[in-house]
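Single-structure report; data block below.
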Protein chains: 2
Amino acid sequence: MLTDVERDQLRSNARMGHFKKNELIYLEDECPKDLMILFKGKVKIFKSGVGGRSQIIRIVRPVQYFGYRAYFAREPYVTAASAFEACTVCMIPMELIEQFLRNNGDMALFFIQMLSVDLGIADQRVVNLTQKHVRGRLAESLLFLKESYGLEEDGATISIYLAREDLASLSNMTTSNAIRTLSNFVNERIITIDGRKIKIIDEERLHKISRIG
Amino acid sequence: MLTDVERDQLRSNARMGHFKKNELIYLEDECPKDLMILFKGKVKIFKSGVGGRSQIIRIVRPVQYFGYRAYFAREPYVTAASAFEACTVCMIPMELIEQFLRNNGDMALFFIQMLSVDLGIADQRVVNLTQKHVRGRLAESLLFLKESYGLEEDGATISIYLAREDLASLSNMTTSNAIRTLSNFVNERIITIDGRKIKIIDEERLHKISRIG
DNA sequence: TTATATTTGTGTTTTAGAACATAGTTCTAT
DNA sequence: ATAGAACTATGTTCTAAAACACAAATATAA
């Protein structure tokens, strides 16, 4: 997608960032400067809502881009980002990206497509989070985590270790309800849990619960 | 932003569409073909959710662009659009737009910025709709309608006549709750209603209710 | 016009899920 | 190793909002 010259220019302007588990990558209201590309680790994009109650908006996996929306919208960040686990992030000044983009239709279209896909997901999410019941929302989150981060070697354990609180904030419910509903799923033999490890036993069932809400 | 040649090409490929009140402009799952520019009228972008319950995702006013997201994401529409009132819409084939865009950085950036702004709004909306209470959500919708469509000559009546059902589906609540909460606002002298005409009496109060949720 | 459907308004009941309380458990740091 | 903090678990209470039921008002059509 890029010429050799462009590639060199990118390389000389890119910086590598390392973030520890739970370290903040950027904050709400900050001024966006860099395009971020997640090379290693897992990131959550979240927003603090009414009464400081936080809500996970999106999760990022390698190799996904993030942090560019606010810059393009000419706004400060409306979300914050933090590392679920140790992360390696490549950071490239947005000025440079914008400059490239103006003369590179493929690259422009690449960003347009990313934004379009994310906007579609956000629209779907509004309906899912507002209309589905807790069971449906949690089932959906579990399936979403599986899709995003995959399974471990056993082919059943979801490859991410989330606090119940994060699971709750991803599914728009209280921590108590996440814990309770998770227990219910265990009793119904849909999943098993071992600390933060969640093993999916009956994926079909989860799909069904997610679908009917 | 365009050369004369481009402008001519656009003109010769653009069609004008006219839609009657409540007429559908496009449907969920349809294949997106055209960029739409609303010249006259008011449009709602909505989505049918769990159990067919519909939810207004976005509203469009002149002169805003819509219908392009799904094309760029290479997906069928995930939303539907219909006319709140008689509309005039300019339709331009997305193939043409995409072709222009590849060679026109300013135009690409224009779409990138629109998508970025809309994605920010969608993120905010997730939090607002899930965390605020009915009063906060309705207050917010009223203010949003005022911002979007403005006021009539009296400087108080919101320039759109919505069924209570639409107001509900914009604010993520049942029609009963929209009606009831609207009545409460009237009793509290925050608004007055005359059929579907809503007059804002105490905007400051609405802002406050919207803010605290 | 009259009839029929749709929309609006209000009271009542029910329920999902938040809020709260408390205890057990597992991290983490010194 | 142990103290303190953070997380997980579960039972109980409370409440916002959905669901339901029914009028009244308004719009639409014959």
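Since this is a predicted model, take the numbers as computed values, not measurements. Order of the sequence lines fixes the chain letters, A, B, ..., with proteins taken first and strands second; residue numbering starts at 1 for each chain.
B:Asn172 has its CG atom 15 Å from the C1' atom of C:dA16, to the nearest Å. Atoms CG (A:Asp194) and C1' (D:dA9) sit 15 Å apart, rounded to a whole Å. Atom NZ in A:Lys21 sits about 12 Å away from atom C1' in D:dC7, given to the nearest Å. Between the CZ atom of B:Arg135 and the C1' atom of D:dA16 there is a distance of 13 Å, rounded to whole Å. Rounding to whole angstrom units, CD1 of residue B:Ile179 and P of C:dT8 are separated by 6 Å. Atom C1' of nucleotide D:dT8 and atom CZ of A:Arg180 are separated by 12 Å, given to the nearest angstrom. Between B:Leu182 atom CG and C:dT7 atom P the separation is 16 Å, expressed in whole Å. With rounding to whole Å, B:Gln131 atom CD is found 11 Å from C:dA18 atom P.
Nearest to the side-chain atoms of B:Val134 among the listed nucleotides C:dT7, C:dG17, D:dA17 stands D:dA17. Here the side chain of B:His133 is nearest to one of C:dG11, C:dT7, D:dA17, namely D:dA17. The side chain of A:Arg164 sits closest to D:dA9 out of C:dT8, D:dA9, C:dT12. In the set D:dT8, C:dG9, C:dT7, D:dT8 carries the atom at the smallest distance from any side-chain atom of A:Ala163. The side chain of A:Arg137 lies closest to C:dA18 when the candidates are C:dT10, C:dA18, C:dC20.
Panel note: side chain A:Asp154, backbone A:Thr157; a donor-acceptor pair is recorded below 3.5 Å.
Using a 4.0 Å heavy-atom cutoff across all strands shown, A:Thr175 reaches no nucleic acid atom at all. Here B:Arg196 lies in heavy-atom contact (under 4.0 Å) with sugar-phosphate atoms only.
Phosphate contact (OP1/OP2 of C:dA18, side-chain N/O of A:Thr174, threshold under 4.0 Å): present. The phosphate of C:dA16 has neither OP1 nor OP2 within less than 4.0 Å of any side-chain N or O from A:Asn177. Look at B:Ser183 and you'll find a side-chain N or O under 4.0 angstrom from OP1 or OP2 of C:dT10.
Residue A:Gly195 is the one, among B:Met173 and A:Gly195, whose nearest nucleotide of DNA chain D lies closer to the 5' end (criterion: closest heavy atom). Position along DNA chain D of the nearest nucleotide to A:Leu162 versus B:Arg53 favours A:Leu162 as the more 5'-ward residue.
Ring centroids of B:Phe84 and B:Phe19 are separated by 6.0 Å or more, keeping the two rings apart.
Salt-bridge formation is not detected for the pair B:Arg189/B:Asp202: no Lys NZ or Arg NE/NH1/NH2 atom is positioned less than 4.0 Å from an Asp or Glu carboxylate oxygen. A salt bridge links B:Glu98 to B:Arg74: at least one charged side-chain nitrogen sits closer than 4.0 Å to a carboxylate oxygen. Contact check on A:Glu95 versus A:Lys33 returns no salt bridge, with no Lys/Arg side-chain nitrogen under 4.0 Å from an Asp/Glu carboxylate oxygen.
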